[in-house]
Structures are given as structure tokens and as C-alpha cells.
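Below: the structure, in C-alpha cells.
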Amino acid sequence: MDSSAVVRNTILEPHNDMEFESHEAAYAFYKDYARSAGFGTAKLSSRRSRASKEFIDAKFSCIRYGNKQQSDDAINPRPSPKIGCKASMHVKRRQDGKWYVYSFVKEHNHELLPAQAHFFRSHRSSDPLSNDVRMRRRKNPNAVSKLFTAYNVDCLEIFVKHQQDKGRSLVLEAGHAQLLLELFMHMQEENPKFFYAVDLNEEHRLRNVFWVDTKGLEDFANFSDVISFDTTYFTSKYKIPLVLFIGVNHHIQPTLLGCALIADETIYTFAWLLQTWLIAMGERSPQVILTDQNEAIKAAVASFLPGTRHCFCLWQILEKIPKQLEFLGTWHDSFMEKFNKCIYKSWTVEQFEKRWWKLVDKFDLRDVEWVRSLYDDRTYWVPTFMKNISFAGLSTSSRVESLNSLFDGYVQVDTSLREFIERYRVILEDSHEEEAKANFDAWHETPELKSPSPFEKQMLSVYTHEVFRKFQVEVLGAAACHLKKENDGVTTTYNVKDFENNQSYTVEWNTSNSDICCSCRLFECKGYLCRHAIVVLQMSGVFSIPPKYILQRWTNAALSRYPIGENLEEVQSKVRRFNDLCRRAIILGEEGSLSQESYHIALGSISEALKQCANLNNSVENGMRPDASSTNVVCNVEEEYQSIITSNNKTPDPKMNMVKKAVRTGVAGRNLGIVENSEGNKEKVSQVEAVSGKDGFQEMDPTDLRSRGVMSMQFQSVVPALYHNVSSPFHAATSTQLHENRLPR
């Protein structure tokens with residue numbers, strides 16, 4: 001490609017008659033020329049005199065000069081922009097000390113980008129004014145979005161890296177990096193599926209680190225609808241720069257889907273972190289992600305999770321009000337009253353707009369930058385814009401109410417990394433124990449009915465205990481509600497007066513498609529119907545919850561690979577069958593453990609029964625007629641169930657307590673292979689890698705990633721510095737290959 005068309009007339013092209021005082025002056029000239037032409041530069045080579053030890057020869061080139069080289073044993077080599085470009089300038093030193101152009105190659109084999117030249121590392125300006133202009137440009141989210149979509153891969157890589165200091169790294173106390181290493185090694189010894197990744201800066205120092213245990217991988221496979229990306233500990237200046245990926249299971253318990261230590265809040269850091277987390281989760285994106293209001297996070301989410309609904313945590317916005325609007329002083333309470341009315345009681349977008357601008361004008365807030373940003377981002381956090389979204393209890397109005405706060409008992413402001421590592425295992429053990437207990441209770445105990453309501457009876461064996469108890473409160477609360485029909489038609493609108501809190505709510509009920517929506521938005525926030533909707537259903541002659549409002553993630557069948565659909569009786573029947581099999585298994589365990597012979601008989605019977613059940617279930621799943629030999633072993637549990645329950649409930653079995661702590665749930669995780677990196681050239685250390693073998697860190701095997709097809713083309717087009725060596729094999733991966741065992745909830 002001829003570069004003469006893009007070179008400004010004010011910058012001369014190198015030619016043989018040029019002279020320079022030093023090779024540094026020659027390189028400075030070549031950089032100016034390259035900036036005008038639109039390419040980055042590098043010092044390719046230099047040579048000193050053996051006698052005088054002074055420089056006598058130097059060669060400068062385009063950053064794309066030469067060809068990328070990769071050793072056969074490289075796990076994650078450093079991404080390289082080299083594509084065989086020949087453009088270069090060779091200078092030599094004369095006897096008089098002057099330097100001259102020995103040779104000059106002008107032609108490039110790639111596109112030149114003069115308008116974006118300042119993004120190349122070699123052209124970063126030291127002019128404070130220029131830097132300030134570019135910094136303000138980066139703070140504009142629209143400009144950021146354009147950069148992510150308009151610039152080519154290499155410019156984006158440079159843009160992303162330009163946003164963090166060259167030497168930025170984690171600030172760790174002496175010995176803490178070794179503690180992390182030991183934790184990772186030990187966790188991996190216990191389970192090879194334990195996943196972690198390390199990001200090194202240009203000086204090969206630890207910058208960011210991410211890890212997730214096997215249970216976190218399994219939990220995300222079952223509860224990938226909504227997650228919270230919590231940066232509270234980092235932004236609140238805790239001693240450890242900790243960020244967490246948090247989900248919620250079917251018992252309304254928080255699940256830890258990943259931990260990270262980060263060096264800063266740049267787009268590069270969040271891009272690296274989100275992509276690494278996404279790869280760990282098998283490239284399956286959540287339906288909803290909740291984060292703090294942060295432009296860098298916003299840009300990273302838009303790039304890596306384009307199909308995910310991005311929302312801001314409401315409690316984090318509310319917590320910022322006293323600090324951001326402290327000048328209101330004594331007017332604060334009055335402002336909050338009107339603010340809450342605007343946010344929580346605006347049923348339509350028109351109502352919100354009217355109330356918002358009335359509020360802003362009343363308190364003279366039009367010129368407050370933070371208030372303007374709230375309005376610009378209103379679709380990310382205002383409940384009015386959150387219809388048909390379920391937050392599964394992760395969106396609350398205060399941190400104390402949020403599930404994220406449960407980790408506050410383990411992490412305080414002054415908690416050191418050493419202390420957190422010691423508590424990390426306790427966090428996992430406590431959460432696993434709580435879930436195991438809840439699972440056991442869900443299958444072996446039945447909550448007490450508190451009313452004759454058909455809705456309560458319907459969900460008794462469907463919802464898990466914790467969800468049922470909360471739903472039960474709504475069923476009982478319906479008695480304190482009075483409704484009045486506002487209009488009639490296909491969609492009927494009701495005004496429901498709730499005498500418990502003395503508030504009125506609007507409920508819309510569509511009889512044709514069984515759509516129901518309440519202005520209290522309990523279903524959107526919690527995932528189960530509110531008392532106001534229940535009383536409308538009841539008065540409309542509907543005495544069961546429409547299936548679309550029974551989220552599988554809240555049921556006892558949450559971990560099932562089969563969607564429950566509309567067949568709720570099957571869920572209840574499964575509960576009865578499970579209970580019966582558990583009781584029979586305990587009896588078999590008692591008898592089979594009395595001798596070695598009886599043990600082998602019991603073990604053989606269990607193995608054979610398991611094989612036949614698996615064959616039967618697989619044949620049903622594949623739409624085939626079950627083999628008659630398989631069905632012969634199936635007992636008619638339904639007919640025996642009531643008599644067995646009656647006899648077993650007369651005398652509690654003390655052995656039942658023995659299995660409580662042994663219950664564990666989840667599906668098998670993917671085999672995320674981890675292999676030790678070999679020692680090699682420091683220039684080939686990846687941006688997303690582990691420290692070389694001599695330091696003990698390990699990293700995931702890209703061959704395992706290729707076999708599972710976890711990388712899409714989108715990733716390579718956004719931040720090529722990340723996992724650059726795992727490329728084309730992923731392009732042919734289909735959705736069925738990636739998620740054949742993961743059904744949407």
C-alpha cells in the first residue's frame with residue numbers, strides 16, 4: 001500500500017541525504033514520520049562498536065514488521081501484531097559522529113491509520129493538553145462505544161492498553177503472592193476443574209488474578225439467569241482489592257461464581273476480567289448482570305456480554321445520594337420522599353419523565369453532573385424500565401438487604417489477603433453446608449399450610465422451602481387487599497388497595513394470554529407473584545398460578561435438566577419418588593454394610609439399577625421407546641408411597657441425621673484442563689497467562705478450550721491481547737455443542 005497519500009506535507013519522508021546528531025534523533029524523526037503516516041514504530045535492532053562500545057548501527061521499523069514466531073510448546077504466547085510488513089529505516093554512524101539514512105523501505109502491506117495514530121504506544125504524547133483532550137474523550141461513553149466498533153483490532157488493543165499505567169500492578173504484601181499460589185495449587189489438587197487465570201503487566205508483574213472453584217462452575221450452569229458483579233470492596237478502598245461474581249441458588253442463598261483481585265478500574269481490567277470469567281463459564285452469558293454505575297464496566301459489558309441485560313444495583317445508587325447531593329442539607333428528607341415516589345411509583349415512562357424533571361427543577365439539579373448521568377443511564381436502574389426482568393432477589397434498595405452483604409461477615413476494611421485466603425475455605429464450606437441442609441429439608445420435610453388457599457396448596461411441593469415461605473406471606477397478605485376494576489377489555493386494569501402498608505397498586509390482567517403485571521414489581525425483583533396479583537387472579541376465577549410465573553430456578557426441580565413446563569404435578573410426583581428412594585437407600589445401606597458379602601450384593605444391585613435407570617432416561621430423552629427389560633425393574637412407588645410414609649413417620653429414624661451433611665447438589669462441571677507452563681522467552685509471556693513454571697503458577701490448557709469451542713469470533717474482535725492464540729478452531733462451534741446439557745431456566 002502506498003503511504004504517500006496519507007503523509008502530511010510538513011513531515012518529510014526519510015531519504016539518503018538526511019543526517020542526524022544521534023541515533024535517538026533519527027528515531028525521533030522516524031516516529032514523527034510514522035505518526036503522520038499512521039503506523040506505530042519499534043526499535044528493531046542496534047549494534048555497538050566492539051572497540052569504542054558506542055552505537056554505530058540502528059534499525060527502526062513499523063510495528064508490524066516481520067513475522068510472528070511461536071514455539072511448539074508455547075501455551076499462551078504474547079499476542080503479536082507482526083504480519084510481515086517490510087517498512088523500515090536503517091541508519092548508520094559515520095566516522096565524524098553524524099548518522100545518515102543507510103536504507104529506507106516506504107511501502108506497507110496493511111492499512112495506515114493517521115487519524116488514530118495517537119493510540120499507538122510509540123506515539124503517546126507527553127503534552128498534558130493533548131492527554132487531557134484524549135482523557136475527556138475516553139470519559140464519553142459514546143466515544144468509547146465508537147472505538148470498540150469502528151477501530152480495527154490492533155488499534156483497539158492499543159487503546160485498551162493505553163488506559164492503564166505501564167507499571168500498574170497489584171499491591172501485595174511480602175509473601176502474599178506465594179499464599180495465592182499455594183491456595184490455587186491446593187484447590188486444584190482437590191479438584192482439577194478448579195479454574196484460575198493470571199494477568200501480568202508489561203514488566204511481568206502480577207496485575208489481575210481471577211479464580212473460581214468447581215462448585216461455582218456448577219452453580220452457574222444451573223443458575224445463569226442473573227448475577228451480580230460486586231466491586232464494593234475495591235471502590236470502598238478495602239485493604240484487599242477484591243471483586244466478586246455472585247449468583248443466587250434455588251434456596252435464595254448467595255453463590256460465589258468467581259473472585260478476582262484487580263489493580264485498577266480501567267476498561268482493560270474489566271475487559272480482561274469479564275472475558276476470563278466468560279471463558280471459565282463455558283461462554284454462557286447470564287440473562288442479567290447487575291453492577292455499579294461505572295463507565296469502564298459499562299463499556300466492557302457492552303462489548304463482551306452484548307446479549308445480556310445490563311442493570312445497575314439500585315442500592316449502590318441510593319447509597320451515593322448523601323455524598324453526591326450533600327449540599328441539599330436540610331432538604332435531603334424532602335428530596336428523598338419525592339425521589340422515591342418518582343422511582344418506585346412511576347407506572348409508565350411518561351409518569352417517570354414528568355416526575356423526574358419536576359424533581360430536578362424543584363431542587364435545582366439540572367447542572368449537577370451526577371444527576372445528569374443518572375438520567376442518561378435511566379434504563380439501567382429505574383424500575384419503570386425493568387418490566388419482564390427477574391432479578392432473583394439480587395436487586396434491593398439497600399446493601400443490608402442484598403445477598404451480597406452476606407460476604408461482609410468474612411471481609412472487613414482491614415482484612416488482609418492472608419486473612420481472606422484463610423477465610424476463603426470457610427466461605428465455601430459454610431455456603432456448601434447451608435445449601436446441603438436446605439436441599440435435605442426440601443426433599444424430606446413438608447412446610448405447614450397456613451390457609452385453605454388453592455395457590456398455597458399448588459406451590460407447597462413445587463417451591464423450595466425458603467421460596468415457599470416468602471410466597472406464603474404473599475398468599476396470606478392477599479386477605480388484606482381490596483380491588484377495584486378500573487377498566488374492562490382484553491387487558492383489565494385493577495386498582496388494589498393494600499391495607500397492610502396503606503398503599504395502592506395497579507394490576508393489569510390479560511385473560512387471553514394469562515399475562516399479569518403489578519406496579520409493586522415483586523415478580524421482577526423476587527421472582528414470584530405478589531399478593532396484589534394473587535387477589536386479582538382469585539377474583540377473576542383463576543385458582544392456580546399461571547405456569548409462566550413459576551420460575552424453575554425457585555422449584556425443587558431447579559437442578560433438573562428437563563424444563564418443568566406446565567406439568568407441575570410431575571414435580572410433586574418427583575418429590576414423592578425421591579423421598580421414597582432415599583428411605584429405601586438408607587435401609588439398604590444399613591443391611592448392606594453388615595458384612596463384606598452383603599456389601600458386594602448391595603453395590604452390585606445399585607450399579608445395575610443405576611445403569612438401567614440411565615438407559616431408560618436417555619431413551620426417553622431421545623424420544624425412543626424404552627426397552628421393556630428396563631421397565632421391569634421399576635417399582636410402582638406411587639401406590640406404596642402413603643403407607644411407607646405413614647410407617648416411617650411414626651418413629652423418626654436417627655440415621656437420617658447422618659446424611660444431612662453429606663448431601664451435595666450440582667451437575668458435573670466441565671473439564672477445564674490445567675497444565676503447567678514451561679519456561680520460555682520472557683518476550684512471549686501472554687497478557688492472560690500464568691507465571692512460568694519456575695514460579696509455580698499454572699494456566700488453562702488452550703487445547704482443552706479448542707475441543708470445547710468456548711471462544712467466539714466476537715472475543716477476538718474486541719481485545720486480541722486476551723487468549724490471542726486460541727483463534728479459528730472456535731469459529732465453527734455451534735450452540736448445541738456448547739450447551740447441549742444446559743437448558744434455560
Side-chain angles (χ1 to χ4, degrees), residues 119 134-151 155-157 159-164 208 210 226-236 241 243-246 257-258 260 262-278 281 285-321 323-324 343 356 368-386 389 391 394-395 402 404 714-715 717-719 721-722:
F119 289 120
R134 288 200 295 275
M135 185 61 67
R136 281 187 273 115
R137 183 184 305 154
R138 285 187 211 112
K139 289 183 178 179
N140 183 338
N142 295 326
V144 171
S145 300
K146 290 178 182 178
L147 284 170
F148 272 98
T149 56
Y151 294 163
C155 282
L156 177 60
E157 174 186 352
F159 164 73
V160 172
K161 289 186 178 181
H162 186 52
Q163 300 203 40
Q164 37 80 33
N208 303 304
F210 167 81
V226 54
I227 68 162
S228 172
F229 178 52
D230 191 356
T231 56
T232 303
Y233 302 123
F234 182 87
T235 57
S236 299
V243 297
L244 302 174
F245 291 89
I246 298 173
L257 305 179
I262 60 176
D264 52 38
E265 294 183 275
T266 60
I267 292 182
Y268 172 86
T269 288
F270 291 126
W272 178 89
L273 186 53
L274 281 180
Q275 187 187 29
T276 303
W277 178 81
L278 200 56
M281 300 301 159
S285 303
Q287 296 175 23
V288 179
I289 183 170
L290 288 158
T291 74
D292 191 9
Q293 184 188 22
N294 180 291
E295 291 300 331
I297 297 177
K298 185 178 173 183
V301 170
S303 298
F304 286 98
L305 302 174
T308 297
R309 178 64 188 270
H310 184 193
C311 302
F312 296 153
C313 290
L314 187 56
W315 66 263
Q316 290 183 318
I317 289 178
L318 295 176
E319 279 193 349
K320 294 177 182 178
I321 291 179
K323 180 178 180 181
Q324 294 288 344
I343 299 305
W356 177 268
V368 179
E369 182 178 355
W370 183 70
V371 174
R372 288 202 305 269
S373 73
L374 286 183
Y375 179 77
D376 292 340
D377 291 332
R378 58 193 180 281
T379 58
Y380 288 82
W381 65 277
V382 178
T384 309
F385 300 91
M386 303 299 174
I389 298 177
F391 292 108
L394 284 177
S395 180
S402 72
N404 305 36
Q714 173 205 5
F715 289 145
S717 67
V718 179
V719 185
L722 311 179

Quick check with a 6.0 Å cut-off and a 45 degree axis cone: is Arg378 positioned over the face of Tyr375's six-membered ring? yes
Enter the distance from Ser303:OG to Gln275:CD here, rounded to the nearest 0.5 Å. 10.5 Å
Once you round to the nearest 0.5 Å, how far does CZ of Phe391 lie from CG of Leu290? 5.5 Å
Mind listing the closest non-hydrogen atom pair of [X] and [Y] along with its distance?
{"X": "Thr384", "Y": "Ile343", "result": "OG1-O, 4.2 Å"}
{"X": "Tyr380", "Y": "His310", "result": "CD2-O, 3.2 Å"}
{"X": "Leu257", "Y": "Ile246", "result": "CD1-C, 4.1 Å"}
{"X": "Ile389", "Y": "Arg309", "result": "CD1-NH1, 3.0 Å"}
{"X": "Leu394", "Y": "Ser228", "result": "CD1-N, 4.0 Å"}
{"X": "Leu273", "Y": "Ala260", "result": "CD1-CB, 3.5 Å"}

Walk me through it: do Thr266 and Trp272 pass the test side chain to side chain contact (heavy atoms under 4.5 Å, CB included)? CA-CA 10 Å; Thr266 60; Trp272 178 89; over 6 Å; no
For the pair Thr231 and Ile297, evaluate side chain to side chain contact (heavy atoms under 4.5 Å, CB included) and give the outcome as yes or no after the intermediate values. CA-CA 10 Å; Thr231 56; Ile297 297 177; 4.2 Å; yes
Minimum side-chain heavy-atom gap [X]-[Y] below 4.5 Å:
{"X": "Asp292", "Y": "Lys320", "answer": "yes"}
{"X": "Leu374", "Y": "Trp356", "answer": "yes"}
{"X": "Ile227", "Y": "Trp277", "answer": "yes"}
{"X": "Thr291", "Y": "Phe312", "answer": "yes"}

Once the angle between the rings of Phe210 and Phe245 is folded into 0 to 90°, is it parallel (under 30°), tilted (30 to 60°) or perpendicular (over 60°)? perpendicular
Phe270 pairs by side chain to side chain contact (heavy atoms under 4.5 Å, CB included) with which of Asn208, Val301, Ile262? Ile262
Quick one: list whatever passes side chain to side chain donor-acceptor pair (under 3.5 Å) with Asp377, sequence neighbours left out. Gln293, Lys298
Tell me if a side-chain donor or acceptor on Thr308 pairs with a main-chain N or O of Pro286 at a distance below 3.5 Å. yes
Donor-acceptor pair, Thr269 side chain versus Glu265 backbone, under 3.5 Å? no
Side-chain donor-acceptor contact under 3.5 Å, Asp230 with Thr232: yes
With sequence neighbours left out, the residues meeting ring pair (Phe, Tyr, Trp, His ring centres under 6.0 Å) with Phe234 are none
